[in-house]
Protein chains: 2
Amino acid sequence: MNKYPNQTPLLLAVDCIIFGYDGIELQILLVKRAMEPAKGQWSLMGGFVGPDENIYHAVERVLETYTGLKDVYLDQFKIYGDPKRDPIERTASVAYFALIDINKYKAQINDVYEAKWFPINEAPELIFDHDLMVEEAKARLRYKAAFHPILFELLPKKFTTPQLQNLYEQVYNTKIDNRNFLRKLASSGLLIKLTEKDKSSSKRGAFYYKLDNTKYKTKFQSFINFIPNPEQLVF
Amino acid sequence: MNKYPNQTPLLLAVDCIIFGYDGIELQILLVKRAMEPAKGQWSLMGGFVGPDENIYHAVERVLETYTGLKDVYLDQFKIYGDPKRDPIERTASVAYFALIDINKYKAQINDVYEAKWFPINEAPELIFDHDLMVEEAKARLRYKAAFHPILFELLPKKFTTPQLQNLYEQVYNTKIDNRNFLRKLASSGLLIKLTEKDKSSSKRGAFYYKLDNTKYKTKFQSFINFIPNPEQLVF
DNA sequence: CCAAAAGTGTTATCGCTACACCCATGA
DNA sequence: TCATGGGTGTAGCGATAACACTTTTGG
């Protein structure tokens, strides 16, 4: 077939900012880059979009390759296209943030890739513009999580409300009044209380909850304000 | 310099969904495509990202070429990358929606391009996946405008509150109680009342207002809920 | 004087925030 | 028994939504 004349093509890639939560801190998953340039330096997980492959498929493939996970929550938040961002060849990169259950990942650890979780504030310097991507991904995560219950994606099937509250506190770097938080949570109707308790972090134990998946799906589009005074959020 | 081996490059383009408001309806600006394929069919305004050109620069260039306008409100909302979306050659397209003052555009009319404003619900069928882009741009516009005062970008320097309310009603396809609307508007502090009246749409006349640009900038990041019950918005 | 659009107040409800103490348990 | 983290209630405030009539004026 004919082509458009006089146009300069470029490479298209995807990069993932993969967030996880270990019950204490928000983490990101990084990998040691396996190819030149910058081989051996820390980087986001990414890959080129293949011929005949659509972009979403490419991210899913990259994620599965590096983490073994499918059906992960993914949010395409920006494309980075500075002509000089990759010194080897012009490459535009579609950035996604992913939210995964860190425990599911652990089960799949794959030592082919040198991958490592880092607490969000202790991550090493990354190649190219990946540090910028991480910053912007964090901002977008905050923005979106202020109104949509996406942070549940970071938790295991069974979790406790203190865990959940701590997660919100980590993401927003703030203290939340736990009575108000639990009231909002209850009124959201998203949680189902289980009879079992988690005794690992206190003597009294905290009840496990699970997501009400039906309500989760129907309420996902709703704006639920889990964060006090979200006016300051940058987007 | 060396290149990445075995990667297939593609073309990168930008497409703009340009919204305008004539005081009555929300409109989009379309153009008759000047090249094959689909020459002569209606299309969004777009163009290829040049070598050594960053993406944002490309949109700005495209917008200025077609509308004569600079410094337009632009929001990059998605990249469309289906391998078959352009039948000639694989092209990924970064979609932006733009909000412009339709009067400024009129002053710049440029008959080199066959461009035409269409009421949003009376637009013709578009090429490729442009209809999908328009639908998704509308959804994003609604989403964002529910919390950020971006719709002011569609109005001329001087405007009346009935015009503004009608704009919100058009965008959300709903009736808004005007006492509540005006109260929210007043409490936002974004408007400065002028002494002049617009008599064009009523005998009594409606006061003109202008934006308080300082407050607009500081409040832009704030969430201002101009729409009752925004819970249903899709994003 | 009348039609047509602009402009104006009140009330009830709801959701949010601030705030401090008791409970359960293992060690 | 005590240290630790889990869990609970209330009151005041502010924002929202529902609701209808008066004002202005050109024709």
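Just so it is clear, the values below take in all heavy atoms, side chains as well, and ignore hydrogens, waters and symmetry mates. Each chain gets a letter, A, B and so on, in the order its sequence line appears, and its residues count up from 1.
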Side-chain contact check for B:Asn178: nearest option of C:dT8, D:dG9, C:dA6 is C:dT8
Donor + acceptor pair across side chains of B:Asp15, B:Ser93 (<3.5 Å):
yes
Side chains of B:Leu211 and B:Leu190: does their closest heavy-atom pair fall under 4.5 Å?
yes
Consider the side chain of A:Arg183, meaning its heavy atoms from C-beta on, and name the nucleotide among D:dG9, D:dA18, C:dA6 that approaches it most closely.
D:dG9
Picking from C:dT8, D:dG9, D:dT8, the nucleotide nearest the side-chain atoms of A:Leu182 would be D:dT8
What's touching nucleotides 24-27 of chain D from the protein side, N or O pairs under 3.5 Å?
from	atom 1	to	atom 2	distance (Å)
D:dG26	N2	B:Lys203	NZ	3.3

Give the ring-plane orientation class for B:Phe152 versus B:Phe159, where under 30° counts as parallel, over 60° as perpendicular and anything between as tilted.
tilted
Hey, does B:Thr161 reach any base, or is it just sugar-phosphate, or nothing, if we go heavy atoms under 4.0 Å?
sugar-phosphate
Taking CG from B:Asn180 and P from C:dT8, how many angstroms apart are they, rounded to a whole number?
14 Å
Please figure out whether A:Arg179 or B:Asp177 has its closest DNA chain D nucleotide nearer the 5' end.
A:Arg179
Do the side-chain N and O atoms of A:Gln76 and A:Tyr56 include a donor-acceptor pair separated by under 3.5 angstrom?
no
Ring centre gap for B:Phe128 and B:Tyr80 strictly below 6.0 Å
no
Pair B:Lys70 + B:Glu60: basic N to acidic O under 4.0 Å
no
Name the nucleic acid region contacted by B:Ser201, choosing base, sugar-phosphate or nothing; use a 4.0 angstrom heavy-atom cut-off, strictly under.
sugar-phosphate
When you measure from the side chain of B:Pro162, which nucleotide among D:dG7, C:dG7, C:dT17 comes out closest?
C:dG7
